[in-house]
Amino acid sequence: MIEICNVTKYYKEPGLFSGKKKKVLDDVNLNLDDTENTVIIGESGSGKSTLGRLILGIEKPNSGTITLDGQSLLKPSVRQGKISAVFQDYTSSINPNISVYKAIKEPMIMMHRSFSEEEAEELLVKVGLDGSYLGRFPHELSGGQAQRVAIARALSTNPHYVLLDEAVSSLDVSIQVQILDLFLKLSEECNVNYLLITHDIQIACYLCSRLVIFNSGKVVEEIDRANVSCLKNEYSRNLLDSIITI
Amino acid sequence: MVMFKKLLYNPQSVITAIIILTIIVLGILAPVIAPHDPTETNVAMKYASPSWEYPLGTDYLGRCTLSRLLHGIFPSVILVMLTVFCVIGIGTFIGIISAYYGGWLNEILMRICDILLSFPTEVMILAFVGIMGLGLTPMLIAIILLKWPWYAVVIRNAALKYKEKNYIYFSKASGMKGPAVILRHVLPMTLPDIILLASSNVSSTILLLSGFSFLGLGIQPPNPEWGNMLSEARNVILSHPTQMLPPGIAIMAVCLSFSLFGDAVRDAMDAKHISKGIFKSKGGYALGCVTGSVGFGRFGKNRRSLSDK
Ligand SMILES: Nc1ncnc2c1ncn2[C@@H]1O[C@H](COP(=O)(O)OP(=O)(O)OP(=O)(O)O)[C@@H](O)[C@H]1O
Ligand SMILES: [Mg+2]
């Protein structure tokens, strides 16, 4: 279980002497359990990706703690092999100097596990690519293909938690369904849990049973998929209405 | 591997690498292959034209120019390369560490660099030589001590571009520790910048050292060094102008080779140009040959690489 306790995060405003800080996350409390998938929905700029980076241990919160099964996520060894991610911006998700195979293999090297080309190929087929992509370099992939390689890489270690920051939004619908089904299958078979960040309520409800509504760095409301229609908070009702009517 | 293949197919890198390697080998073998002792004088033969005995003629003391040129490779080229290697090593280490870890470490390191950078290099080298005495060693030590901050700052800026890329976030998120991330991602990504910097700075350091030797501050006569060979030739520039040619051409050839080789290597490391490497390298080679202007070629390439990233 990942526990997020009273997490606050500031960013410095630009300018050498401004000294002003901008509060991006404000006292966030959230538990991600290992039985259900969670989605975070919120406006652009509300701090969703920032929360994601904190959960991944890439950045430190200014106050509060984030723990995985009681251990601080800031320690690399705690995260190893258990946590993985697909990021919002796929253009830089793979190192341009290394081939697809090496990229997918990378998390394995750290865990001193072997990973053959066949296994990598299998993984690529699952995300709708094939073995011919193994030797390619990132600049030879389209945006959607790069995103799918990133997804394959994120799943390669069989992690417990995967952060999906707009991971499927850039793919076309048929591939989206294929990948969402893959996610669901893995979550049943291998006990993988997802933290999804998206603007697409359909995808959210397809994959996740718990919805977290986020606004300007705060958790506004948590709700079960079944009860989406009876949101209590004014803001979250408006947000979901606007998403659905589009 | 792809990179080596590209280097092999690029005439620019092949030719310049051959020139550089040949010079290094000649420099190492100088004691064996040089026809004369570089300090042996023969006043009867001064200013001799090229002959079988003296292939490049002799200087104002009748010393063999070819032997002096060959013996001059060691201080003029090889020691300079080692110095630049040290400087780049320190600069890369400090630059990447402070870019990657940021925070107070970055602040401290960069303030140290700022302080050292505020001294004018040439004047500080003079001061150093003043304290430690004339000669090559004090000068090389001074260059190492004074130049690394410059590299550290440049390399830090290069590394900062990559620090916030998602592949680095991914490696960190999946539990890779700092040094491993640096070795796997940050260093390889900055390597083209480092190599370009190194190659152009071998040339500029050769010129700097030759300049100081020319002024009589570096290697002391009668030991041969290209800069002081040039300086001795200067005294007779009107009566024997050809005396300038051997050291002058040698310095120019080495500097140009290093610059062009650096360009070729960084092109080869640019993953994005893998598929169109050969056409581009021909264009670059032609440009290099026609204009002979290293600076112009590099300006264009830098701009292109900035817009790529
Ligand atoms: N490294 C940073 N330095 C300074 N400010 C930042 C940084 N990263 C994010 N911010 C600011 O924090 C706020 C939240 O950004 P974040 O990327 O978390 O938004 P988001 O909810 O993911 O939005 P989107 O849906 O558009 O992806 C924004 O106002 C952004 O300007
Ligand atoms: Mg975001």
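Every chain is numbered from 1 and lettered A, B, ... according to where its sequence line falls, protein lines coming before strand lines.
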Q: Check A/S49 against A/D165 and note the closest heavy-atom contact, atom names and distance.
A: OG-OD2, 2.8 Å
Q. Looking at A/I98, A/V86, A/N95, which has the largest count of heavy-atom pairs under 4.5 Å with chain B?
A. A/N95
**Q.** side chain to side chain donor-acceptor pair (under 3.5 Å) contacts touching residues 146-159 of chain A (sequence neighbours left out)
**A.** none
Q: Inspect the contact between B/R184 and A/E106 and indicate whether a charged nitrogen and a carboxylate oxygen are less than 4.0 angstrom apart.
A: yes
Q) So what's closer than 4.5 Å to chain B heavy atoms on A/I109: side chain, backbone, both or neither? A) side chain
Q.
For the interface with chain B, which of A/S93, A/P159, A/A150 has the highest count of heavy-atom pairs at distances below 4.5 Å?
A. A/S93
For residues 89-106 of chain B, run the donor-acceptor check on the side chains, cut-off 3.5 Å, and write out each pair with its distance to 0.1 Å, sequence neighbours left out.
{"residue": "B/T92", "atom": "OG1", "partner": "B/I88", "partner atom": "O", "Å": "2.6"}
{"residue": "B/S98", "atom": "OG", "partner": "B/I94", "partner atom": "O", "Å": "3.3"}
{"residue": "B/S98", "atom": "OG", "partner": "B/G95", "partner atom": "O", "Å": "3.4"}
{"residue": "B/N106", "atom": "OD1", "partner": "B/R156", "partner atom": "NE", "Å": "2.8"}

Q) Taking every heavy-atom pair that is under 4.5 Å apart, which of A/A85, A/P76, A/S77 has the most such pairs with chain B? A) A/P76
